Student: 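Please see the structure below; I have some questions.
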Amino acid sequence: MHCQSVRARPNIQRAEAHRALQATDEHYIGRRGLYEERIWRCPGAIDERPREQDILISRWLDRRSFRRCEEAVSPSERYVIGVALKATRLKFMRGPHTVYDGIMPAGTLHVTGPSQLLTVEFFVPCDFIHFHVSSDYLRERQDAAGIEPTNPTSRLNDLIIRDPLAELLGRSLVEDNNTRDECYVESVGQTLVMHIARMELSPPATNALPKWRLKRVRDYVEAHSDKALTLADLAAVAGLSRMYFAGQFRAATGLRPHDYLLHQRIERAKSILANTDMELAEVALTVGFQAQSHFSTVFKRLTGESPARWRFATRSERQLPAAPVAREEPGRPQSATCSPSWSGV
């Protein structure tokens with residue numbers, strides 16, 4: 001299967017030039033407000049903004065439902081803080097290292113250090129807010145928070161956590177028409193940066209579930225998500241006791257086993273809702289819920305919409321024109337179609 005993408009070759013010089021070429025006024029929402037990303041993690045006009053501007057904020061909203069890939073290199077003097085506004089399924093890599101592979105819940109926060117080559121495969125629609133933060137400003141905020149100066153920012157690279165405050169701040173930018181309010185957008189960015197600066201990051205108390213055990217569990221859940229699976233069932237598949245399995249699974253995925261199972265069921269339900277006319281009660285039973293009411297409650301909690309509303313919106317979006325593709329510029333490499341290898345964790 002081909003992975004469709006319009007992207008640059010993976011080198012820093014190419015990425016810096018690519019960002020500059022994207023500097024047009026139409027690529028952001030309101031002056032100094034929330035920038036619109038036409039290319040993943042590349043807010044319009046980022047290289048034309050004043051260097052003293054400490055925080056730039058952008059949004060990547062992608063409604064496409066097919067598998068596609070994107071690449072970016074984080075700026076040499078900025079950290080990039082991503083906040084997922086809706087649950088999505090992706091594989092996220094930094095260079096050759098897999099950072100995240102699976103369903104990413106809404107409210108997940110991810111930090112990328114400067115000059116990092118990133119590759120992502122999206123499998124479903126997604127919505128992210130990206131905070132592009134000056135390295136000097138982040139260090140200043142950590143100093144103000146009393147963080148010990150033992151290279152503290154290095155611990156943030158590849159940080160992935162569920163963070164309700166980050167989700168709340170991100171949503172506040174896209175709701176209530178706040179995207180054009182320069183002062184509000186700036187204050188939201190400053191609040192999030194200080195929140196991260198004050199985090200006390202310590203090594204995980206529990207080892208993460210080994211990749212081969214995690215893959216075994218994921219495969220089992222995918223094949224039996226319509227069944228009434230228990231913690232004991234999943235622990236047995238992993239070959240561990242329930243206590244050890246629950247801790248290691250959460251360390252590996254950021255989710256409790258039960259929450260992971262719910263996310264998997266909802267993702268399967270989305271596929272059914274988008275591609276069939278199956279009644280909601282039947283959908284609920286097919287993906288493993290015992291009652292339509294419980295299914296509807298969980299679906300709305302994880303997606304923000306009822307199953308019926310989500311189905312209607314998804315089918316309506318299919319009638320919209322395809323997303324704009326970046327135009328070729330002189331000296332720019334041709335748009336590429338890539339077929340990266342993929343294997344489950």
Side-chain angles (χ1 to χ4, degrees), residues 1 65-67 84 86-93 98-108 110 120-126 160-162 204 206-276 278 280-304 307 310 341-345:
M1 179 185 294
S65 299
F66 55 83
R67 179 173 176 242
K86 66 185 296 183
T88 188
R89 182 182 168 218
L90 55 77
K91 183 179 183 182
F92 192 79
M93 299 185 68
T98 299
V99 177
Y100 195 97
D101 187 355
I103 296 174
M104 178 174 282
T108 300
H110 171 248
V120 65
E121 290 181 66
F122 293 110
F123 298 86
V124 296
C126 61
I160 297 183
I161 58 173
R162 292 284 301 281
T206 303
N207 293 328
L209 191 68
K211 291 184 178 181
W212 66 272
R213 293 184 190 270
L214 182 59
K215 183 179 186 303
R216 180 185 291 179
V217 172
R218 282 177 164 169
D219 290 345
Y220 183 83
V221 169
E222 185 174 352
H224 300 86
S225 60
D226 58 331
K227 304 295 193 301
L229 300 179
T230 66
L231 178 61
D233 294 331
L234 302 183
V237 172
L240 297 171
S241 70
R242 288 182 297 175
M243 181 179 68
Y244 280 107
F245 168 72
Q248 291 187 16
F249 186 89
R250 186 166 188 173
T253 66
L255 294 171
R256 295 176 300 176
H258 178 67
D259 292 336
Y260 175 80
L261 180 58
L262 290 179
H263 276 90
Q264 289 289 342
R265 286 173 171 166
I266 295 304
E267 288 303 311
R268 187 181 176 200
K270 285 180 179 180
S271 178
I272 297 173
L273 291 170
N275 298 294
T276 75
M278 187 182 294
L280 295 183
E282 188 176 354
V283 173
L285 295 175
T286 300
V287 300
F289 288 92
Q290 301 303 308
Q292 180 182 338
S293 59
H294 185 210
F295 164 64
S296 297
T297 299
V298 174
F299 192 99
K300 186 169 185 178
R301 174 163 59 85
L302 297 184
T303 69
W310 186 91
S341 59
W342 184 89
S343 59
V345 174

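All values below were derived from every heavy atom in this structure, side-chain atoms included, with hydrogens, water molecules and symmetry-related copies excluded. Since the model is a prediction, treat every value here as computed from it, not as a measurement.
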Student: Work out which heavy atom in Arg162 is nearest to a heavy atom in Leu255; give both atom names and the distance.
Tutor: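 Looks like NH1-CD2, 3.4 Å.
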
Student: Give me the atom names and distance for the closest heavy-atom approach of Val120 to Phe122.
Tutor: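 Taking every non-hydrogen atom into account, CG1-CE1, 3.4 Å.
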
Student: As an exercise, state the distance from CG of Leu234 to NE2 of His224, rounded to the nearest 0.5 Å.
Tutor: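 With rounding to 0.5 Å, CG (Leu234) is 11.0 Å from NE2 (His224).
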
Student: Output all residues satisfying salt bridge (charged side-chain N to carboxylate O under 4.0 Å, His left out) with Asp219, sequence neighbours left out; order by chain, then residue number.
Tutor: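 Partners of Asp219 by the salt bridge (charged side-chain N to carboxylate O under 4.0 Å, His left out) criterion, ordered by chain and then number, come out as Lys215.
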
Student: Scan residues 255-276 for pairs that pass ring pair (Phe, Tyr, Trp, His ring centres under 6.0 Å), counting only residues two or more places apart or in two chains.
Tutor: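 Found Phe249-Tyr260.
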
Student: Distance check, rounded to the nearest 0.5 Å: Arg256 atom CZ versus Leu262 atom CG?
Tutor: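 Output value for this atom pair is 9.0 Å.
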
Student: Go through it in stages, so that I can follow the logic: the residues are Phe299 and Lys270, the test is side chain to side chain contact (heavy atoms under 4.5 Å, CB included), and I'd like the CA-CA distance, side-chain angles, deciding distance and then a yes or no.
Tutor: CA-CA 9 Å; Phe299 192 99; Lys270 285 180 179 180; 4.1 Å; yes

Student: Roughly how far, to the nearest 0.5 Å, is the CG atom of Leu302 from the OG1 atom of Thr297?
Tutor: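 These two atoms lie 11.0 Å from each other.
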
Student: If you compare all heavy atoms of Ala251 against all heavy atoms of Asn207, which two are closest, and at what distance to 0.1 Å?
Tutor: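 In terms of heavy atoms, the two residues are closest at CB-O, 3.9 Å.
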
Student: If only atom types and distance count, is the side chain of Arg265 paired as donor or acceptor with the main-chain N or O of Ser225 below 3.5 Å?
Tutor: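 The answer is yes, because a donor-acceptor pair under 3.5 Å joins these two groups.
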
Student: Could you pull out all residues at least two apart from Val99 that satisfy side-chain contact (heavy atoms from CB on, under 4.5 Å)?
Tutor: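 side-chain contact (heavy atoms from CB on, under 4.5 Å) check on Val99 returns Phe92, Arg94, His110, Asp158, Ile160.
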
Student: Provide the closest heavy-atom pair for Ala238 versus Phe245 in the form atom of the first, atom of the second, distance.
Tutor: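 For Ala238 and Phe245, the tightest heavy-atom pair comes out as CB-CD1, 3.6 Å.
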
Student: Which atom names give the shortest non-hydrogen contact between Phe295 and Pro307, and what distance separates them?
Tutor: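 In terms of heavy atoms, the two residues are closest at CE2-CG, 3.7 Å.
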
Student: What salt bridge (charged side-chain N to carboxylate O under 4.0 Å, His left out) pairs are there with at least one residue in residues 231-250, not counting sequence neighbours?
Tutor: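 Qualifying pairs, neighbours excluded: none.
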
Student: Looking at OG of Ser293 and CG of Leu280, how far apart are the two atoms once the value is rounded to the nearest 0.5 Å?
Tutor: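 The distance works out to 12.0 Å.
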
Student: With a 4.5 Å cut-off on side-chain heavy atoms, are Ile266 and Ile103 touching?
Tutor: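 No; the side chains remain at least 4.5 Å from each other.
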
Student: Distance check, rounded to the nearest 0.5 Å: Glu267 atom CD versus Thr303 atom OG1?
Tutor: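 Reported value, rounded in 0.5 Å steps: 9.5 Å.
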
Student: Do Gln248 and Leu240 have side chains that get closer than 4.5 Å, going by heavy atoms?
Tutor: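 Contact flag for Gln248/Leu240 side chains = yes.
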
Student: Any chance you could measure Gln264, atom CD, to Arg89, atom CZ, to the nearest 0.5 Å?
Tutor: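 Between Gln264 CD and Arg89 CZ, I get 7.5 Å after rounding to 0.5 Å.
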
Student: By salt bridge (charged side-chain N to carboxylate O under 4.0 Å, His left out), which residues pair with Asp226, not counting sequence neighbours?
Tutor: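 If we apply the salt bridge (charged side-chain N to carboxylate O under 4.0 Å, His left out) test to Asp226, skipping adjacent residues, there are no hits.
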
Student: Kindly give the heavy-atom pair with the smallest separation between Leu214 and Ala252, and that separation in Å.
Tutor: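 Nearest pair, atom of Leu214 first, then Ala252: CD2-CB, 4.2 Å.
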
Student: Please name all residues satisfying side-chain contact (heavy atoms from CB on, under 4.5 Å) with Thr286, sequence neighbours left out, ordered by chain then number.
Tutor: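 Arg268, Ile272, Met278, Glu282.
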
